[in-house]
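Here is the structure we will look at.
Here is the naming used below: chain letters follow the sequence lines, and residue numbers restart at 1 for every chain. Given the structure is predicted, the values throughout are model-derived calculations rather than measurements.
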Amino acid sequence: MPLLRVATWNINSLRLRIGLLDRLVEALRPDVICLQETKVPDELFPAEALRPLEFPHTVFRGMKGYNGVAILSRVPLAVHEIAPDWCGKGDCRHIAATLRTPRGPLELHNFYVPAGGDVPDRAENPKYGHKLDFIAETRLWFAARTGLARSILVGDLNIAPLENDVWSHRQLLDVVSHTPAEVAGLTAWMQAGFIDAVRHFVPADQKLYSWWSYRNRDWRQSDRGRRLDHIWVTPDLKPALKSQAILKDARDWPQGSDHVPVCVEMRV
DNA sequence: ATGGTCGACCTTCGA
């Protein structure tokens, strides 16, 4: 099992869209699926309904109504209780696991970063402050992890850092997800120990999105997308990277999420 | 310039 494919998807309700996971598996053939916005408390996690998918190893952290993250895996894994309770909120926005691969353990982090509300102003909008505080905390925490290696960080990070990660850099400078403060915060976090595994394959001058708003009648025609979903790896894994895929067609799945799956293949 | 659409859940909130 030298090739490992890791997919990340904001599923926007696991119970509502559980049937779409078959399509994801068929299209991407992932070994590991990281989900965000599962919106299901742990005691209601649909383990039985997931069984036919044949991802026997699962870890999850959910709550009622909001947030929630899960990892479905064909590779044995165990929860890695290592990270703090970000911003002391008790939110279910992060789960870490250790994957047991034939060539040694891999550390995997699955994040759902706060969306941050509508107004990009700390005083006026506490959600925006929470988002900036969250990514500052995660940056400091990873920066303190000296010797971090063989690690993968994925998730809905709710920030599009590059000019071509949004449909119009100029028009989104004041829109939460692409403000200079968020971009600086996310970039500093990544540079605390990771490289962008998707942009490793796609030049920065090329438009690349993973999310299109529900509020566009014809999302494909208007194509006002943003790249909010990311896969980062520690630099030691850079030579291991083999390919990336963003499953744009998933945006047209029946009753689909507003996010599409992102996947990276690596030889680990 | 504005409003546009979802999901969860109890009527409005979060995205």
Side-chain angles (χ1 to χ4, degrees), chain A residues 8-21 23-24 34-46 49 60-70 86-94 110-122 124-135 154-161 165-168 170-179 181-183 185-186 209-230 247-262:
Chain A
T8 178
W9 189 30
N10 180 323
I11 194 170
N12 189 10
S13 175
L14 173 57
R15 285 175 291 181
L16 184 69
R17 292 186 231 282
I18 195 164
L20 296 180
L21 287 169
R23 293 173 182 247
L24 187 157
C34 297
L35 300 171
Q36 304 87 35
E37 282 206 270
T38 54
K39 297 185 179 178
V40 60
D42 289 349
E43 62 272 23
L44 296 177
F45 188 82
F60 42 85
R61 182 166 293 150
M63 60 194 286
K64 184 177 177 174
Y66 311 105
N67 308 329
V69 285
W86 307 111
C87 300
K89 287 203 171 275
D91 282 348
C92 300
R93 296 183 175 276
H94 176 212
N110 179 16
F111 273 97
Y112 174 52
V113 170
D118 288 331
V119 182
D121 182 290
R122 273 183 176 278
E124 202 176 325
N125 170 21
K127 290 179 196 165
Y128 184 69
H130 175 218
K131 183 179 195 176
L132 294 178
D133 292 343
F134 188 100
I135 61 175
V154 312
D156 175 4
L157 306 185
N158 264 316
I159 297 170
D165 289 339
V166 293
W167 63 276
S168 168
R170 189 178 56 83
Q171 287 179 257
L172 271 76
L173 276 172
D174 203 33
V175 172
V176 175
S177 71
H178 193 62
T179 64
E182 291 169 272
V183 168
L186 189 77
Y209 314 136
S210 65
W211 173 89
W212 291 261
S213 172
Y214 282 128
R215 299 180 190 182
N216 286 320
R217 279 249 162 257
D218 187 341
W219 69 274
R220 202 184 281 275
Q221 195 277 324
S222 59
D223 201 23
R224 295 185 168 191
R226 305 176 201 172
R227 189 170 72 108
L228 305 179
D229 304 275
H230 299 274
L247 196 53
K248 188 173 178 180
D249 287 348
R251 189 62 180 77
D252 273 332
W253 287 347
Q255 201 169 28
S257 170
D258 45 355
H259 295 254
V260 301
V262 178

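One atom, CG of A/Leu157, and another, C1' of B/dA15, lie 16 Å apart when rounded to the nearest Å. What separates CD of A/Gln171 from P of B/dA1 is a distance of 11 Å, to the nearest Å. In this entry the distance linking NZ of A/Lys127 with P of B/dC13 reads 9 Å, nearest Å. Atom pair A/Asn10:CG and B/dC6:P shows a separation of 15 Å (rounding to whole Å applied). We find that OH of A/Tyr214 is positioned 9 Å from P of B/dA8, with the value rounded to whole Å. One can place CD1 of A/Ile11 at 12 Å from P of B/dG7, the figure rounded to the nearest angstrom. Here B/dT2 presents its P atom at 14 Å from CG of A/Asp118, a figure rounded to the nearest Å. B/dA15 atom P lies 10 Å from atom CG of A/Asp156, rounded to whole Å.
Counting distance only, with no hydrogens placed and no angle test, the side-chain atoms of A/Arg215 and the base atoms of B/dA15 include a donor-acceptor pair under 3.5 Å.
Toward the 5' end of DNA chain B, the nearer of the two residues A/Arg15 and A/Gly117, judged by each one's closest nucleotide, is A/Arg15. Residue-to-nucleotide proximity on DNA chain B shows that, of A/Asp258 and A/Lys39, the 5′-proximal contact is made by A/Lys39.
Screening A/His259, A/Gln255, A/Lys39 against A/Asn12 for a side chain to side chain donor-acceptor pair (under 3.5 Å) leaves a single residue, A/Lys39. Of the residues listed (A/Asn158, A/Val175, A/Leu157, A/Leu132), the one engaging A/Glu182 in a side-chain contact (heavy atoms from CB on, under 4.5 Å) is A/Leu132, and it is the only one. In summary, of the residues considered (A/Phe111, A/Phe134, A/Tyr112), a ring pair (Phe, Tyr, Trp, His ring centres under 6.0 Å) with A/His94 occurs for A/Phe111 alone.
A/Gln36 comes within 4.0 angstrom of nothing in the nucleic acid, heavy atoms only. Counting any heavy atom pair closer than 4.0 Å across all strands shown, A/Arg224 reaches no nucleic acid atom. A/Arg226 comes within contact range of no nucleotide atom at all, as no heavy-atom separation falls under 4.0 Å.
Between A/Leu24 and A/Trp253, the shortest heavy-atom contact is N-CH2, 3.6 Å.
Side-chain contact between A/Asn10 and A/Leu228: absent, with no pair of heavy atoms (C-beta onward) separated by less than 4.5 Å.
When both pairing distances are held under 3.5 Å, B/dT12 makes a Watson-Crick or G-U pair with B/dA8.
Side-chain proximity of A/Lys64 to B/dA15, B/dG7, B/dC9: nearest is B/dC9. When the nucleotides B/dG4, B/dA15, B/dC6 are ranked by their closest atom to the side chain of A/Arg17, B/dC6 comes out on top.
For B/dC6, neither phosphate oxygen OP1 nor OP2 lies less than 4.0 angstrom from any side-chain nitrogen or oxygen of A/Gln255.
Distance check on atom C1': B/dT11 versus B/dG7 gives 14 Å, rounded to whole Å. Between the P atoms of B/dA15 and B/dC9, the separation comes to 14 Å (whole Å). When the C1' atom is used for both B/dC10 and B/dG14, the distance is 15 Å, rounded to whole Å.
One finds a salt bridge joining A/Arg93 and A/Asp91 here, because a Lys/Arg side-chain nitrogen approaches an Asp/Glu carboxylate oxygen to under 4.0 Å.
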